[in-house]
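All remarks here apply to the structure that follows.
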Amino acid sequence: MTHLPNLIKDLALILGAAGVITLFFKRIKQPVVLGYIIAGLLVGPNFKLFPTIVDIEGIKIWAEIGVVFLLFTLGLEFSFKKLLKVGGSAAITGVTELSFMMLLGFMTAQLLGWSNMDSIFLGGIIAISSTTIIFRAFDELGLKTKQFTTLVLGVLVIEDLVAILLMVMLSTVSVSQQFEGTQLFFSLLKLIFFLCLWFVMGIFLLPSFFKRAGKLLNSETLLIVSIGLCLGMVALADQFGFSAALGAFIMGSILAETTQSHKIENLVTSVKNLFGAIFFVSVGMLIDPQILLEYAGPVLILTATVILGKTIFVSTGALFAGRSLKQAVQAGTSMSQIGEFSFIIASMGVAFNVTSSYLYPIAVGVSVITTFTTPYMIKLAEPLYNLLLKILPPKWIDSLETYSSSSQIIKTENNWRRLLRFYLQTIILNGVIMIAMTLLIVKFAEPFLNGYIGNPLATKIICAVVGLIAMAPFIWGISVKKMKKSMYASLWLDQKYSKGPLVMIEIARNIITVLLIGFLLRQLFSLPVTIAGTFLVMIIVGVIFRQRLQVFYHRIEDRFLQNLHEKEELEKNRTKSYLSPWDAHLTSYVISPHADFIGKTLEELQWREKYGINVAFIERGNIAKFAPSRTEQIFPFDNIGVIGTDQQLLAFSQLIVPFEEGAADEKELVELDKILVDEHTRLKGLTIRESGIREKTDGLVVGIERKGERILNPSSHTRLEWDDIVWIVGNRKKIQQLYQP
């Protein structure tokens, strides 16, 4: 019988211990992550009461794979477009909190007498909150529908991005062993360049690949392809000097923009859970109880620093961003912990051997304590808010409320800002592609061809010609393409002082184009040849092949934009008919003139009683009747909007001929919107009939979310409660008018 490898025995011990401990933690309603850490402590080398793992190096490799999959799934939830959609309030809150927390962490470590490197890493460790723990706490406490949770989720997106930047910065500091500004700047510049390049190429290639290979991709092959792409990007990131975690996060972010993202996320979840469990167990294995006892003082100090610091700085940032005092306090208490990224940052210090041995277990100890306190801190928000109302002067309260109200005014974006943003996006994206092509030619193509041709000059000429032909559409895009013609013309004609800046912008983008072309040619030829070649290329692109390049560039741009917005459009088409968050949706039907129920009233038909559906509107010619009364009759060619689940609509559709969803008129007339029962709507305690929602909005209440529960098609006698989310189908403008000043 062959000898069983120690790694398999160790995995059996790890997963067995993790399974038992996490069952207990589930029973006492504590985060599973803490169970994994405790399990790691029990089977680790620093705790001798139970059997101990043998192949520590093998477990470390598995733990590194766990980090890869953790970051990959975080990337799938992140997406670059989600970052762009983060509101200004979340961005302001996130930047404020992160800046002050990193500074507070550094200063606290200095006061404790720690080294500069320990202080830098500690600043990064305590700055990032735990997405997993916050999500789970919100779910268990039934807070997902609260207004402040959108702010918290937006800040977490900002923190995810900053955590990636921190990993790059800290790895640079670790290698150089000093905080050197120039090196950090170039590292960040390199990171931004590769982020843009990978994002552009990923969006250009991957959605098209999934579209063409869609019929071949079942669950098994999609899982294999996704993991292959993830590990491929990990290897590519490592090749360019970045961490494996960064590569996994980027590939997850790219795949998040594809139509397959939700399916990939579901398929990868089990793999992530397995390797993630091993990672968190390995975190627990590094805990030395003796060190924790020895440094109990710093652990408690840092725990208090995290809880108080995050509560104060998140709340302050939210107030700066114009949120109300109550929402600011709720957001602050929700984020008073550290988690996954903190472990990864701490493990980087261990891997680079630049931090003291006590920093890692101290970070884990702080994380464990703050994880336990998170639910209690969230519950503390209401009492803390009431306490502040008593303590703070009334003038301060009034000033904060006035500032919050004034900050909610939506400011329109002027033409100059939109035009400059469009110029910047076009120049950066095309410029990144041209620089990438130059590096590809110089680093790989030229040495490869020179080995076959043997003539350096001929090789350089071939590389230059091929490179310039490949770059030609992007050269045209930067230097010649008309940017937002209508906006440009409006600024040129309507504003007296716009012509000079517009001319300067045109000159600037042509200068940038010249520099990018010169960058390629200068790598291959002397300066005089570079100058002559650059101007020759500009003439060819701008005059001779202008029309052809325009057509080709627009093909590339259209494909990129189509891939970029494909998932969004697909989800938009789905949500136009689906009633989130239930499996109920709005479907329209045209009534056949031969139907046997022509002329009957809705009361006579009893569709709701028979099929469980609701008639949201009846459109007859140019007239639309929203939330029709029971006495309303059905006539030939009426376009009726019906709300129900898939099964209900399937049964109902047997009566009439279904009409194609998404008619243009329906989109304009009927929308699904929601309101919150709060001090602004003043609906608390009223029944749906007493609220007058039908009369005020020409709408129909089709659902209510209440404390995590969902009520579909509520009766008119349902009484509205505080913080109910009421879903209404009707005129959007009239629905929004329910919010009273």
Taking only residues two or more places apart in sequence, or in another chain, which ones meet L222 in a side chain to side chain contact (heavy atoms under 4.5 Å, CB included)?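 L222 satisfies side chain to side chain contact (heavy atoms under 4.5 Å, CB included) with F210, L217, S226, Q260, K263, I264, L267 once adjacent residues are dropped.
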
Sequence neighbours excluded, which residues qualify as side chain to side chain contact (heavy atoms under 4.5 Å, CB included) partners of A17?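 A17 satisfies side chain to side chain contact (heavy atoms under 4.5 Å, CB included) with A39, V43 once adjacent residues are dropped.
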
Taking [X] for its side chain and [Y] for its backbone only, find out whether a donor-acceptor pair lies under 3.5 Å.
{"X": "S334", "Y": "Q330", "answer": "yes"}
{"X": "S342", "Y": "I338", "answer": "no"}
{"X": "T374", "Y": "T370", "answer": "yes"}
{"X": "T355", "Y": "D118", "answer": "no"}

Return the minimal non-hydrogen interatomic distance between P289 and L41, and the atom names on each side.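 Of all heavy-atom pairs spanning P289 and L41, the closest is CG-CD1, 3.9 Å.
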
Would you mind reporting whether L274 and L15 have side-chain heavy atoms less than 4.5 Å apart?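 In contact.
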
By side chain to side chain donor-acceptor pair (under 3.5 Å), which residues pair with S119, not counting sequence neighbours?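 Checked S119 against side chain to side chain donor-acceptor pair (under 3.5 Å); matches are Q110.
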
Hey, can you tell me if F72 and F69 have their rings parallel, tilted or perpendicular (30° and 60° cut-offs)?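 Rings of F72 and F69: perpendicular, over 60°.
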
Whether over 12 other heavy atoms sit under 6.0 Å from F372 CZ: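 Yes, enclosed.
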
May I ask you to check whether Y452 and F448 place their ring centres under 6.0 Å from each other?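 Ring centroids of F448 and Y452 are less than 6.0 Å from each other.
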
Could you grab the distance from atom CD1 of I254 to atom CG of L229, nearest 0.5 Å is fine?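 Rounded to the nearest 0.5 Å, the CD1-CG separation comes to 9.0 Å.
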
Listed once per pair and sorted, the ring pair (Phe, Tyr, Trp, His ring centres under 6.0 Å) pairs that draw on residues 93-112, sequence neighbours left out: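 Listed by first then second residue: F100-F313.
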
Less than 3.5 Å apart, which donor and acceptor atoms pair up between the side chains of residues 292-300 and the rest of the protein, not counting sequence neighbours?
none

ring-ring contact (aromatic ring centres under 6.0 Å, His included) partners for F204, two or more places apart: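 For F204 there are no ring-ring contact (aromatic ring centres under 6.0 Å, His included) partners, ignoring immediate neighbours.
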
